[in-house]
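Heads up: the structure comes next, in structure tokens.
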Amino acid sequence: MLAPSLPTNIPSHLGLRLLRATLNVRDFNRARQLFDNILQPDPTTCSTLISALTAHGLPNEAINIFASLRARGINPQKPVFLAVAKACAASGDALRVKEVHADAARCGVTSDVFVANALIHAYGKCKCVEGARRVFDDLVVRDVVTWTSLSSCYVNCGFPRKGLNVFCEMGWNGVKPNPVTLSSILPACSELKILKSGKAIHGFAVRHGMIENVFVCSALVSLYAKCLSVREARAVFDLMPRRDVVSWNGVLTAYFSNKEYEKGFSLFLQMSRDGVKADEATWNAVIGGCMENGRTEEAVEMLRKMQKMGFKPNEITISSILPACSFSESLRMGMEIHCYVLRHWKVGDLTSTTALLYMYAKCGDLNLSRNVFNMMRRKDVVAWNTMIIANAMHGDGKEALFLFDKMLLSRIKPNPVTFTGVLSGCSHSSRAGHLNEAYKFIQRMPMEPTASAWGALLGACRVYKNVELAKISAKKLFEIEPNNPGNYVSLFNILVTAKLWSEASKIRILMKERGIAKTPGCSWLQVGNRVHTFVVGDKSNMESDKLYNFLDELVEKMKMAGYKPDTDYVLQDIDQEEKAESLCNHSEKLAVSFGILNLNGQSTIRVFKNLRICGDCHNAIKYMSKVVGIVIVVRDSLRFHHFKNGNCSCKDLW
DNA sequence: ATAGGGTTAG
């Protein structure tokens, strides 16, 4: 059927009525054409169309209408700016807010508190704190909305501390916070885990009769949940006069993030009995809860259930579920999810795209990571960090350093994770002798070096056999995380390699004194549809006799090819012969042998280990790849090793 | 005109 022909040269008093009728039947194309044919549309007509397009998920079309006004010589009025600011907020495009802001300044409406508030909000949604600040600073009269918008802008852009400062400043300026202010500032306390300020705000809410507000209460539930105070989170929840889905979601996450999965799940079931329907976020919370509690398979199952119930996974679902692929090294499932993202959003959002590139790196395909990274339009610190870490994991320190420089050039401010990534990248690269520079790098870091930064340096010391620097790093690490066995074991290994036996045994005594046990090493690999796991001296496998016999034969062949067991790497107090035998039992050797036994015509096996690969095993697997003539990929806790024809991709720098 | 819940890197 043909649509009625479009009238032209419509007088403005008729235009609004015609436009409303068209919008009522949701014919947005026709609405746009109609609008073009209205002579001198009034501000209400313009804002009506812009708001309607935004409300129906067409913010960019809404902004285009706004842009067309200028071309038609129409000066936008305040209501038009309010509407287009909302469209910008929905589009998330900072450039468009800047354009609208500039237009508003040209029209002299930026001193209007309503327009300014809308602009601050839009800048906040587009993650542009500088813009929001500029609008704020240019204002002479500010109301509670102005203050609230600016502080929540800081909070949502990752500056919770600044958000709190604005909140305090607001009080000094005699502006009284309302429930909206409280609910938007509470997440800042949650993120910073400052229970004290949160409790003060809780008290304020009680004294000022805001405690019945469902928004404030839900924020309080999350505050207590984040500050590891589940009981109090539950108490606030129980006292609420009225609870909506969000309140339920909050209390679910409280249990999930505090390792009380069972309780969280039973509340999830109770929720529907109480007549509250789960929404998309509930499902995300449950999936995230499964993931946080190591229930990868259940997470995948819940994802299927979610879809069965008619909910579409969104970017947050994707970000939560992707680590499931990384943990299980399931490149195939990861790719399926990638395809889902491409089908639904063409490009995913920052978080899910970052999760994708991390997944590819973890599953062993650095090239796919690079492809994803290069296609990202916007890259934040986390994206850059992830790519740096991906390269470090795969031993490309040169690229990690290059990315670091490029990141600085793009004016992205590095954070402690960046430095850790770069350092661990350096420890894998062949730039020997740059260790002291790395040490200076750590000392000059604009923030207190984290345990992982020192850990990366310690790892590098092992590679370059720098005992003195190793001792310095280890000492720092023993202070920061005295109960992490990995640090003791690393220093022990470095001292052993340097043949400083007495110092090494001192470390072992220190471990005993402090009651620190070595984390048991464990390796696994997938054969067919099953994951097979091995620990040292594992005899639990059904075919363990066959496996050990095969390994014995293999070791003989390896020895003929020049392999010499290096018993320095054995921690137990046992004699040499036993040591050599114990070495053969290492979980990574068992897993690799099992993989070779079950090759089924494949030319590559992939083994994963929870700790760092042992020095002797590293050497042994090189020989295995040569003797058997296959590619063996081993991912240890730090990086990937690709063994081929007797060599490793890490060039023995690991 | 402003507001709550779900997420990424180590």
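Per chain, numbering begins at 1; letters A, B, ... match sequence-line order. Values in this document were obtained by computation on a predicted structure and should not be read as measured data.
In this structure, I316(A) reaches the bases: a heavy-atom distance under 4.0 Å links it to at least one base atom across the strands shown. Residue-level contact check: D143(A) touches the bases, meaning some heavy atom is under 4.0 Å from a base atom. No engagement by V221(A) is indicated, since no non-hydrogen atom pair under 4.0 Å with the nucleic acid exists. Here P187(A) lies in heavy-atom contact (under 4.0 Å) with sugar-phosphate atoms only. Here Y358(A) lies in heavy-atom contact (under 4.0 Å) with sugar-phosphate atoms only.
If you check the side chains of N487(A) and S490(A), you find no donor sitting under 3.5 Å from an acceptor.
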Show the atom names and distances, to 0.1 Å, of all donor-acceptor pairs under 3.5 Å that link a side chain in residues 144-154 of chain A to residues at least two apart or in another chain.
residue: T146(A); atom: OG1; partner: N117(A); partner atom: OD1; Å: 2.8
residue: T146(A); atom: OG1; partner: D143(A); partner atom: N; Å: 3.0
residue: T146(A); atom: OG1; partner: D143(A); partner atom: O; Å: 3.3
residue: T146(A); atom: OG1; partner: D143(A); partner atom: OD1; Å: 2.7
residue: T148(A); atom: OG1; partner: V144(A); partner atom: O; Å: 2.7
residue: T148(A); atom: OG1; partner: T181(A); partner atom: OG1; Å: 3.0
residue: S149(A); atom: OG; partner: V145(A); partner atom: O; Å: 2.7
residue: S151(A); atom: OG; partner: T148(A); partner atom: O; Å: 3.3
residue: S152(A); atom: OG; partner: T148(A); partner atom: O; Å: 3.4
residue: S152(A); atom: OG; partner: S149(A); partner atom: O; Å: 3.3
residue: Y154(A); atom: OH; partner: R133(A); partner atom: NH1; Å: 3.4

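Under the rule for a side chain to side chain contact (heavy atoms under 4.5 Å, CB included), the partners of Q270(A) that lie at least two apart in sequence or sit in another chain are W248(A), L267(A), R273(A), D274(A). With sequence neighbours excluded, no residue forms a ring pair (Phe, Tyr, Trp, His ring centres under 6.0 Å) with F215(A). Take E336(A) and apply the side chain to side chain contact (heavy atoms under 4.5 Å, CB included) test, not counting sequence neighbours, and it matches R332(A).
First and last contacting nucleotides of DNA chain B toward chain A (any atom under 4.0 angstrom from a heavy atom, 5' to 3' order): dA1(B) to dG10(B).
Within the structure, every pair that satisfies the salt bridge (Lys or Arg N to Asp or Glu O under 4.0 Å) test and touches residues 243-260 of chain A, not counting sequence neighbours, is listed here: R231(A)-E260(A), E260(A)-K263(A).
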